[in-house]
Amino acid sequence: MNTDESLGQILLDGTGALLAYAAVGLVLFVVGFYMTDLATPGRLITVIRTHRNPNATLLACASTVGVGLIVAVSIFASGGDLLEGLTRTLVFGAVGIVAMTIATLVFDRLVGISIKELADDAEDKLEPAAVLLAVANLMIGFVTAVAVY
């Protein structure tokens, strides 16, 4: 009977931790989406939903995966301490989102990949520049995630 009680407590504690991490992750994903929206001309959700622009969709997806990498590694690196894990996830996730937004703007200004042109592509075809920018976002997320660990 003692084993059942400890298993029940483990499941209860684990479920609470899972829900707490999921809530922090969701907040970071939403913040990441809106930061991508700030870096993209026009309203990103409109460009994706109404204009069905594959370039904007790819950039939003890459940003979300980058944030997901940071969140996952932050949780893993916390070593099981819930408060430390939640704090690391929130702080490092926010830093990663800022880094990805800056990288997007740097590519726009310095490298010459115009986010405006990608988001306003009249032909609605996937552009190689969007793939490059998406990979840059993924790599910023990956580098930030490894730095967290």
Side-chain angles (χ1 to χ4, degrees), residues 1-111 113 115-116 118-119 126-149:
M1 188 165 213
N2 191 16
T3 304
D4 290 338
E5 289 175 350
S6 61
L7 176 61
Q9 189 61 46
I10 290 169
L11 292 175
L12 184 61
D13 292 346
T15 301
L18 185 142
L19 291 173
Y21 280 118
V24 169
L26 180 60
V27 166
L28 288 170
F29 294 142
V30 170
V31 169
F33 179 84
Y34 282 107
M35 288 297 286
T36 303
D37 188 18
L38 286 175
T40 307
R43 188 113 158 105
L44 184 58
I45 196 63
T46 302
V47 172
I48 291 172
R49 242 193 240 158
T50 305
H51 303 159
R52 304 180 59 81
N53 184 285
N55 300 310
T57 304
L58 180 61
L59 294 176
C61 290
S63 175
T64 301
V65 171
V67 171
L69 285 168
I70 297 165
V71 168
V73 173
S74 295
I75 293 168
F76 182 76
S78 69
D81 183 285
L82 182 59
L83 183 57
E84 177 186 337
L86 290 170
T87 303
R88 290 173 68 108
T89 301
L90 190 60
V91 170
F92 293 136
V95 169
I97 289 167
V98 169
M100 285 186 281
T101 304
I102 290 170
T104 300
L105 295 173
V106 165
F107 268 75
D108 185 58
R109 304 291 190 293
L110 296 180
V111 178
I113 295 176
I115 300 163
K116 180 174 175 29
L118 291 174
L126 186 61
E127 296 290 337
V131 175
L132 176 62
L133 192 53
V135 170
N137 272 303
L138 289 174
M139 292 314 298
I140 292 291
F142 183 74
V143 167
T144 304
V146 171
V148 165
Y149 186 69

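- In this structure, the separation between CZ on Arg88 and CG on Asp81 is 10.0 Å, given to the nearest 0.5 Å.
- Contact check for Asn55 versus Leu126: side-chain heavy atoms found under the 4.5 Å cut-off.
- Here CG of Asp13 is found 9.0 Å from CG of Leu11. Values are rounded to the nearest 0.5 Å.
- Rounding to the nearest 0.5 Å places OG1 of Thr87 at 9.0 Å from CG of Leu82.
- When Leu44, Thr40, Thr101 are each tested for a side chain to side chain contact (heavy atoms under 4.5 Å, CB included) with Met35, only one passes: Thr101.
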Show which side-chain atoms of residues 70-78 pair as donor or acceptor with protein atoms under 3.5 Å away, not counting sequence neighbours.
from: Ser74; atom 1: OG; to: Ile70; atom 2: O; distance (Å): 2.8
from: Ser78; atom 1: OG; to: Ile75; atom 2: O; distance (Å): 2.7

Enumerate, atom names and distances included, each donor-acceptor pair closer than 3.5 Å involving a side-chain atom of residues 60-68, sequence neighbours excluded.
from: Ser63; atom 1: OG; to: Thr36; atom 2: OG1; distance (Å): 3.1
from: Thr64; atom 1: OG1; to: Ala60; atom 2: O; distance (Å): 2.9

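- Closest approach of Leu28 and Ile97 over heavy atoms only: O-CD1, 3.3 Å.
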Please list every donor-acceptor pair under 3.5 Å in which a side-chain atom of residues 129-148 meets a protein atom from a residue at least two apart or in another chain.
from: Asn137; atom 1: OD1; to: Thr104; atom 2: OG1; distance (Å): 3.4
from: Asn137; atom 1: ND2; to: Thr104; atom 2: OG1; distance (Å): 3.3
from: Asn137; atom 1: ND2; to: Leu133; atom 2: O; distance (Å): 3.3
from: Thr144; atom 1: OG1; to: Ile140; atom 2: O; distance (Å): 2.7

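- For the atom pair CG of Asn53 and CD1 of Ile48, the computed distance is 8.0 Å after rounding to the nearest 0.5 Å.
- The line from CZ of Phe107 to CD1 of Ile115 is 10.0 Å long, rounded to the nearest 0.5 Å.
- Here CG of Asp37 is found 8.5 Å from OG1 of Thr46. Values are rounded to the nearest 0.5 Å.
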